[in-house]
Amino acid sequence: MQTPAFNQGLLRFLQASPTPSHAVLQMQALLDQAGFVGLKAEDHWELKAGQGYYLIQSGRSILAFRLGQAALDQAGVRMIGAHTDSPCLKVKPLPDLQRHGVKQLGVEVYGGALLSTWFDRDLSLAGEVHYLNANGELCRALVNLIEPVGVIPSLAIHLNREANKGVEINPQNHLPMVWGCLPKGQEGLALRQLLAHHLLGEGYEVSEVVDYDLCLYDTQPPALTGWQQEMITSARLDNLLSCYLGVQALIQSEAGPATQLLACHDHEEVGSASAVGAEGPALENLLRRLAGDELVYQRLMAKSMLVSADNAHAIHPNYPERHDEKHGPQLNAGPVIKHNANQRYATSSETAALFAGFCREAGVPMQRFVVRSDMACGSTIGPISATQLGVRVVDVGVPQWGMHSIRETAGALDAWYLYRALLVFMQQPQLMIQPAVE
């Protein structure tokens with residue numbers, strides 16, 4: 001696989017994944033195609049060395065692994081961690097509004113969304129719906145309306161002459177999506193009725209929509225952008241790009257002594273504290289189940305490592321002062337190792353040195369990021385995973401612009417570079433640092 005084909009696969013994945021549930025479904029399809037076997041937590045497992053498996057949580061998170069040829073406590077586990085969620089606008093449980101001749105949907109903000117970017121976009125709806133069928137059974141379906149169904153219109157500059165000096169956005173008042181214009185006095189259909197109509201059209205047997213988890217998304221497709229298509233522009237690059245790189249690295253890796261594992265969690269953008277988030281028990285439960293014994297578990301963790309893959313802030317050409325002058329990653333200059341003295345990233349000198357070696361072995365460039373000393377630093381699942389598991393962690397990512405915008409930008413080479421480094425990491429037989437000779 002070469003860079004152009006790799007990027008086309010990434011674009012298709014991004015387009016088909018407007019929500020975490022859709023992203024998990026896409027990853028499941030890739031794993032199925034590669035011969036991985038689905039597992040259920042409640043079943044008894046008979047696992048074989050060299051075989052790949054996956055476990056899905058609530059349709060929103062996925063753990064996939066290939067069992068190594070060596071005993072777990074001899075070679076350890078090579079883990080990649082990422083997250084399936086992105087900041088967005090979610091539809092409220094009772095969203096239907098009708099005022100001033102238009103129908104609107106009430107929304108709430110999920111995560112740290114860059115709200116100004118959501119105005120004047122062709123928006124659609126996607127997510128999961130729970131409904132009753134004709135027999136009164138509760139069922140689940142994924143929904144993606146695909147076509148634009150609404151817009152959040154900006155206020156004209158004529159009505160706010162100070163708009164270009166900055167506008168305060170009130171999520172309650174300014175973000176309800178307009179999705180219909182009605183003649184005076186006319187009642188339109190409610191959202192649940194329209195969802196039922198859509199599901200019936202898709203062949204589902206629906207008697208009543210009971211509940212849903214829906215978000216708005218921009219219908220503009222991902223694209224290769226630039227004079228020579230040097231950039232990727234898309235929604236949800238943070239962090240579906242890392243999910244795609246992780247699943248490809250797992251699929252394309254050859255079976256070796258070490259077990260190889262990918263963990264893509266939901267709810268990172270809101271702190272990871274959930275049953276399907278990185279702070280939940282799923283990954284630790286899986287590792288303990290594979291170990292089968294507490295002493296084996298402790299030994300395997302000592303020989304394991306996790307690469308927390310989450311995008312990094314590239315230096316912005318219009319705002320270079322927002323970066324430390326020595327730590328401003330550039331697009332298409334390689335994956336970024338992220339450092340923070342206060343453990344907002346879990347990178348240590350050891351894990352940074354190891355990852356730099358993976359990049360060197362893969363023949364790809366590598367960069368470093370440290371936030372300015374007078375600015376707050378974001379975080380990732382890296383410190384959470386290190387705390388939960390007691391495992392070595394390095395925080396890395398592809399550099400990008402516009403993080404948490406409705407449309408983000410990354411370099412067209414960097415996804416390929418990070419994939420190559422992750423492939424080397426997954427196939428490492430040992431992860432040892434030699435002691436100093438006195």
Side-chain angles (χ1 to χ4, degrees), residues 9-33 36 38-40 54-64 82-93 95 105 107-108 110-111 122-135 137-150 177 179 190-222 234-236 239-240 243-244 247 264-269 274-277 282:
L10 171 60
L11 296 185
R12 288 192 296 271
F13 176 76
L14 292 166
Q15 175 72 356
S17 305
T19 74
S21 297
H22 288 86
V24 167
L25 186 66
Q26 294 301 309
M27 286 186 278
Q28 179 184 1
L30 291 170
L31 291 164
D32 285 339
Q33 188 176 3
F36 282 62
L39 300 173
K40 293 183 178 180
Y54 63 85
L55 183 67
I56 293 175
Q57 286 187 288
S58 302
R60 310 177 65 85
S61 296
I62 187 166
L63 304 173
H83 63 89
T84 59
D85 61 323
S86 303
C88 64
L89 302 182
K90 288 202 170 189
V91 180
K92 291 181 176 180
L105 289 181
V107 298
E108 58 180 330
Y110 176 86
D122 297 335
L123 301 175
S124 192
L125 285 169
E128 63 179 29
V129 176
H130 284 87
Y131 65 92
L132 296 177
N133 64 16
N135 297 323
E137 299 165 322
L138 187 62
C139 306
R140 174 183 178 268
L142 287 189
V143 168
N144 183 1
L145 301 187
I146 299 177
E147 297 298 326
V149 297
M177 181 183 73
W179 72 319
L191 175 63
R192 290 170 192 259
Q193 294 171 298
L194 290 170
L195 289 173
H197 179 75
H198 173 80
L199 288 171
L200 287 167
E202 293 288 312
Y204 292 93
E205 193 179 76
V206 181
S207 63
E208 179 188 350
V209 170
V210 179
D211 214 332
Y212 54 76
D213 186 339
L214 298 174
C215 67
L216 311 185
Y217 74 93
D218 184 8
T219 58
Q220 184 178 0
S234 174
R236 303 175 297 282
N239 189 32
L240 291 187
C243 291
Y244 184 76
V247 76
C264 294
H265 305 281
D266 195 11
H267 296 150
E268 189 273 347
E269 298 293 358
S274 75
V276 293

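Predicted, not measured: the structure shown is a model, and the values here were computed from it.
- Residues Ser17 and Ala23 approach most closely at OG-CA, 3.5 Å, considering heavy atoms.
- Applying the side-chain contact (heavy atoms from CB on, under 4.5 Å) test between Val129 and each of Val210, Val206, Val143 identifies Val143 as the sole match.
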Where do Tyr212 and Glu128 land on the side-chain contact (heavy atoms from CB on, under 4.5 Å) test, with the steps shown first?
CA-CA 6 Å; Tyr212 54 76; Glu128 63 179 29; over 6 Å; no
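- By the neighbour-count criterion of 12 heavy atoms within 6.0 Å, atom NE2 of His130 is densely surrounded, having more than that number from other residues, nucleotides or ligands.
- When all heavy atoms of Arg192 and Pro93 are compared, the closest pair comes out as NH2-O, 3.1 Å.
- Looking at heavy atoms from C-beta onward, Arg236 lies in side-chain contact with Tyr217 at the 4.5 angstrom threshold.
- A distance-only check finds a donor-acceptor pair linking the side chain of Gln193 to the backbone of Ala190 [under 3.5 Å].
- Side chains of Ile62 and Leu31 form a contact here, defined as non-hydrogen atoms less than 4.5 Å apart.
- Heavy atoms only, all atoms of each residue included: Leu63 and Ala282 are closest at CD1-O, 3.8 Å.
- With contacts defined as side-chain heavy-atom distances shorter than 4.5 Å, the pair His22/Asn144 qualifies.
- Rounding to the nearest 0.5 Å gives a distance of 9.5 Å between CG of Leu132 and CD of Glu137.
- In plain terms, the two heavy atoms of Ala235 and Leu14 that are nearest each other are O-CD2, 4.1 Å.
- In this structure the side chain of Leu216 reaches within 4.5 angstrom of the side chain of Met177, judged on heavy atoms.
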Carefully, step by step, assess Tyr204 and Asn133 under the rule side chain to side chain donor-acceptor pair (under 3.5 Å).
CA-CA 8 Å; Tyr204 292 93; Asn133 64 16; over 6 Å; no
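- Annotation: side chain of Arg140 is in contact with side chain of Ser21 (closest heavy-atom distance under 4.5 Å).
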side-chain contact (heavy atoms from CB on, under 4.5 Å) evaluation trace for His265 with Thr84:
CA-CA 6 Å; His265 305 281; Thr84 59; over 6 Å; no
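- To the nearest 0.5 Å, atom CD of residue Glu208 and atom CG of residue Leu195 are 12.5 Å apart.
- With Ser274 contributing its side chain and His267 its backbone, the two residues share no donor-acceptor pair below 3.5 Å.
- Between Cys264 and Cys243 the shortest heavy-atom distance is SG-SG, 3.7 Å.
- At least one side-chain heavy atom of Leu191 sits under 4.5 Å from a side-chain heavy atom of Leu214.
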Can you check side-chain contact (heavy atoms from CB on, under 4.5 Å) on Glu147 and Ser124, steps first, answer last?
CA-CA 6 Å; Glu147 297 298 326; Ser124 192; 5.6 Å; no
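- Salt bridge status for Asp213 with Arg60: present, with a side-chain N to carboxylate O gap under 4.0 Å.
- In this structure, the ring of Tyr244 has its center less than 6.0 angstrom from the ring center of Phe13.
- Side chains of Tyr110 and Asp85 form a contact here, defined as non-hydrogen atoms less than 4.5 Å apart.
- Taking each heavy atom of Cys88 and Cys215 in turn, the nearest pair found is SG-CB, 3.8 Å.
- Within the 4.5 Å cutoff, the side chain of Tyr131 has heavy atoms near those of the Leu199 side chain.
- Leu89 contributes atom CG, which lies 11.0 Å from atom CG of Leu105 (distance to the nearest 0.5 angstrom).
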Let's go through Gln28 and Ile56 carefully: what are the C-alpha distance in whole Å and the side-chain angles of both, what is the deciding distance for side-chain contact (heavy atoms from CB on, under 4.5 Å) to 0.1 Å, and is it a yes or a no?
CA-CA 9 Å; Gln28 179 184 1; Ile56 293 175; 3.4 Å; yes
